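Accompanying notes for the structure given below.
Below, read A as the first sequence line, B as the second, and so on, with proteins coming before strands; counting in each chain starts at 1. All values derive from a computational prediction rather than experimental measurement.
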Protein chains: 2
Amino acid sequence: MYVTLSAEPMSFHTPSVIQPPCTQSKPLVQRQFKSGAYLYHEGDDATNLYEVVSGVLRLTRVLENGKRQVIAFGLPGDIVGFPNGTRHHTDCDVLSSAEIVIYKRRVFEAGESDPETHQRLLRAALREISAMQDHVMMLARKSAMEKIASFLLVLSQRTGAPIGNYATFSLPMSRADIADFLGLTIETVSRTFTILRKSKTIALGTPQTVLVLDLDALIDASQADT
Amino acid sequence: MYVTLSAEPMSFHTPSVIQPPCTQSKPLVQRQFKSGAYLYHEGDDATNLYEVVSGVLRLTRVLENGKRQVIAFGLPGDIVGFPNGTRHHTDCDVLSSAEIVIYKRRVFEAGESDPETHQRLLRAALREISAMQDHVMMLARKSAMEKIASFLLVLSQRTGAPIGNYATFSLPMSRADIADFLGLTIETVSRTFTILRKSKTIALGTPQTVLVLDLDALIDASQADT
DNA sequence: CGGAGGATTGAGCCTCCTCAAGTGCAGTGG
DNA sequence: CCACTGCACTTGAGGAGGCTCAATCCTCCG
């Protein structure tokens, strides 16, 4: 499942730590991808699906005018690469070096050979529909602050590590990627980070390293004016 | 597939006229639903999938604060009701009386009994992922005018009927539904309709009946400032 | 005729975008 | 070692698009 930022704090779907992707004895293809590598491009014939074990992926689409739009980020536990028809409809590249489990598409589509994996991939596809719907709701209705806070919350939940009473995590994507994903501009993203810093809700070690100082405040900021 | 309003004019996916849903000899369950009826609610156990033959469905989700958000509209040719896990994650009700073909969920999930329908439903699920991604891109980056024009274009393409040189179609959903779907307010939707009327791009018979007077102008209005 | 609900229109404001300048850091080369 | 350059991020000023609040219109229906 992708980062989706639903209003209700998101549960950890198929976290690889708890439920490792390899549960049967069959050999699984797992590969290491370096930052900047592409898993596939838009229009490529889709032969594989990809499960993120570690690292972060970026799914983008190129618009008519050549600009790139970030559709989703692939975090550990996500399965990406579901095609439309036989072809990929996004680009997918690696933001921070990733371990990826590769599944054959036909296992997903037919599955006679491996019903267990087939079911697993099917559920991932359905989760993705739900996730995209969550994302749609956020884009349609949330303010800049609510979007940023929601985004940080999900990253914190899914990739954060505790440090004392706080949680810390890294932002492998640029401000431009965040802005693209949330339907904002770079400047608004940056300003919103500044507001959160000044209110002592978060702290930034580097611009790519976030420390959550006040989780309750972040949750408040992520929710609509209810 | 749902109404998605991608930038490139959308092709007609599985139009029921050309490729009727019933291609095999097995008996298919087809039912009539009246306006206002619910196909399912959020949280319901998902036993079926639904293919729209005629009419229009509305898929919504209820937020914490009780407000309703329109996720998608189901037009003829769409297949709706893909669950997340075993449960529906949206409400689905009927905006204009609809003929619906009902599929059993287990045919979609397993499909040993009916590989052909299984494949058909699987493709629909994948199309839906793609469609939601298109919708995300629109919500994130398009102006009010671009959203409305794109929305009208899709409805015109998918449900329009020619009248002389023009195309006409009905809007079974309220302004509030349109606003919700596009991430706008009722007032902005109404004002944008007015602009399109005054520029002779469209005409409104009733507020629910659209006549496309200048298709090229509508296409122009639907595209970003490229 | 009167009321209700949806749609339209208007005025004012606010959030976020645009444009522009400034800052900090990493890499490069003198 | 230090200037130079490039890039990402931050900050500021100003403006515009869309929202809010409110009034009005239209149509349907009792």
Once base and sugar-phosphate atoms are separated, protein heavy atoms under 4.0 Å mark nucleotides 16-30 of chain D, 5' to 3', with B, S and - as --SSBBB--------

CD1 (A/Ile129) and CE (B/Met132) are apart, to the nearest 0.5 Å, by 8.5 Å

* To do: Pick base, sugar-phosphate or nothing for A/Ser190, based on heavy-atom distances below 4.0 Å to the nucleic acid.
  => base

Sorted by chain and residue number, the salt bridge (charged side-chain N to carboxylate O under 4.0 Å, His left out) partners of B/Arg175 (sequence neighbours excluded) come out as none

Residues at least two apart in sequence or cross-chain that pass salt bridge (charged side-chain N to carboxylate O under 4.0 Å, His left out) with A/Arg191, listed by chain then number, are none

Atom-pair distance ([atom1] on [X]; [atom2] on [N]), nearest Å:
X        : N      : atom1 : atom2 : value
B/Asp177 : C/dG5  : CG    : P     : 16 Å
A/Ile178 : C/dC16 : CD1   : P     : 16 Å
A/Arg175 : C/dC25 : CZ    : P     : 14 Å
A/Leu204 : D/dC9  : CG    : P     : 11 Å
A/Arg197 : D/dT11 : CZ    : C1'   : 11 Å
A/Glu146 : C/dC14 : CD    : P     : 17 Å
A/Leu182 : C/dC17 : CG    : C1'   : 15 Å
A/Ile195 : D/dT11 : CD1   : P     : 10 Å

B/Ser199 meets the side chain to side chain donor-acceptor pair (under 3.5 Å) criterion, sequence neighbours left out, with B/Thr201

Distance-only donor-acceptor hits, side chain of residues 160-167 of chain A, under 3.5 Å, sequence neighbours excluded:
none

Applied to residues 49-72 of chain B, the ring pair (Phe, Tyr, Trp, His ring centres under 6.0 Å) test, sequence neighbours excluded, yields B/Tyr40-B/Tyr50

Discussion item. Under 4.0 Å from OP1 or OP2 of C/dA7: is there any side-chain N or O of B/Gln208 that close?
Written reply: yes

